There are 2 protein chains.
Amino acid sequence: MPPWEIPSDQLPPVAAVQKLLRALADPVRLEMVRRLAADPAGEAPCSDLYEGLNKSTATHHFKILVEAGAFRPVMVGPSRGHRLRRDALQEAAPGLLDALMGALDREN
Amino acid sequence: MPPWEIPSDQLPPVAAVQKLLRALADPVRLEMVRRLAADPAGEAPCSDLYEGLNKSTATHHFKILVEAGAFRPVMVGPSRGHRLRRDALQEAAPGLLDALMGALDREN
DNA sequence: CTCGAAGTACGACGCACATCATACTTCTCT
DNA sequence: AGAGAAGTATGATGTGCGTCGTACTTCGAG
């Protein structure tokens, strides 16, 4: 969907809370977010963010996360990948990401 | 579903993050939570928490919120109602509820 | 005791969406 | 230039779930 490498000034805004929640409420996508959030660089190639899934299914989930404003498509090394939009998320819903990741950790 | 007035010591535990998110990711249920969170007493009769919905649909949503551990069924005055389980939610996912409600407010 | 109001239970229906297979694009590397 | 890896697009499929209508329960008020 993205013409690849969306310019910073025309990234989709982080979606309304309800839509954002929908994006995060899927187990596959929540795991994708968790992995990116755990990554020190905050970015990773697509294939590092899932397992045991058809590639096209993964693309589908990425699309939803990008449209929700949580991910930003980006080149990472030679491959396509995604970066977690920590700043934008923090501005739209302060503390939400931290609370979620904290809860996921504790859950282990 | 509840034998009415569940004893405190056998309330369902707050669900795993992913299930909790699913419960909150529906617009109707999110609004229910918002209203209860906005209520100073933190509780309200069922009918105060929705509008323009079939009663049985509302019951369905309440059930999901109770099973997710977000609501506790309780008598409020002469009617049945629900109380927001702030404490339990805070323990399971510290800061999550606050972050959500804050984001909803800012969304005005 | 009956009536009505407030919820719940149950069944049916329709749509959204998670999934997959296949085909296509677009890189990089040799 | 050709091969292969990595993602994307598209179409098909099945199911989960949000919705409703109707019938049932329960409770308070008259």
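Naming: A, B, ... by sequence-line order, numbering from 1 per chain. Nothing here was measured: the structure is a model prediction, and the numbers come from that model.
- Annotation: proximity of residues 36-47 of chain A to DNA chain D (heavy atom, distance under 4.0 Å) is found for A:Pro45, A:Cys46, A:Ser47, numbered in ascending order.
- Remark: P of C:dA18 and NZ of A:Lys63 are 12 Å apart, rounded to the nearest angstrom.
- Atom NE2 of B:His60 is separated from atom P of C:dT8 by 13 Å (rounded to the nearest Å).
- Ranking D:dG7, D:dG18, C:dG7 by closeness to the B:Thr59 side chain, first place goes to C:dG7.
- In terms of modelled atom types and a separation under 3.5 Å, the side chain of A:Arg86 and the main chain of A:Ala37 share a donor-acceptor contact.
- Counting all heavy atoms, side chain and backbone alike, B:Val14 lies closest to B:Gly69 at CG2-O, 3.6 Å.
- A salt bridge does not link A:Arg34 to A:Glu107: none of the charged side-chain nitrogens sits closer than 4.0 Å to a carboxylate oxygen.
- Under the 4.5 Å side-chain criterion, counting only non-hydrogen atoms from C-beta, A:Leu11 is in contact with A:Arg72.
- Atom CD1 in B:Ile64 sits roughly 18 Å away from atom P in C:dG7 (whole-Å rounding).
- Rounded to an integer number of Å, the gap from B:Met75 CE to C:dA6 P is 13 Å.
- Using a distance-only test at 3.5 Å, with no hydrogens or angles considered, no donor-acceptor pair links the side chain of B:Arg22 to the main chain of A:Pro27.
- Contact between the side-chain N/O atoms of A:His61 and the OP1/OP2 oxygens of C:dC17 is not found at any separation under 4.0 Å.
- Side-chain atoms of B:Gln18 come within 3.5 Å of backbone N or O of A:Ala25 as a donor-acceptor pair.
- The stretch residues 17-34 of chain B comes close to DNA chain D through B:Arg22, B:Asp26, B:Val28, B:Arg29, each having a heavy atom under 4.0 Å from the strand.
- Atom C1' of nucleotide D:dG18 and atom CG of B:Leu65 are separated by 13 Å, given to the nearest angstrom.
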All N/O contacts under 3.5 Å from nucleotides 20-24 of chain C to the protein, with atom names and distances to one decimal?
| unit_1 | atom_1 | unit_2 | atom_2 | d |
| --- | --- | --- | --- | --- |
| C:dC20 | OP2 | A:Asn54 | N | 3.2 |
| C:dC20 | OP2 | A:Thr57 | OG1 | 3.4 |
| C:dA21 | N7 | A:Asn54 | ND2 | 3.3 |
| C:dA21 | N6 | A:Ser56 | OG | 2.6 |

Assess whether side-chain contact (heavy atoms from CB on, under 4.5 Å) is satisfied between B:Leu89 and B:Leu84, documenting all intermediate values.
CA-CA 9 Å; B:Leu89 287 170; B:Leu84 184 61; 4.1 Å; yes

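- Across the protein-nucleic acid pair, A:Arg80 atom CZ and D:dA5 atom P stand 17 Å apart, rounded to whole Å.
- A:Leu100 has its side chain within reach of B:Val17: a pair of non-hydrogen atoms, C-beta onward, lies under 4.5 Å apart.
- One interatomic measurement links the two molecules: OH of A:Tyr50 to P of D:dT8, which rounds to 9 Å at whole-angstrom precision.
- Contact of the A:His82 side chain with the A:Leu65 side chain is not registered, since no non-hydrogen atoms from C-beta on lie closer than 4.5 Å.
- Between B:Arg29 and B:Ile64, the closest heavy-atom pair is NH1-CD1, 3.3 Å.
- Within 6.0 Å of the CD atom in A:Glu91, the count of heavy atoms belonging to other residues, nucleotides or ligands does not exceed 12.
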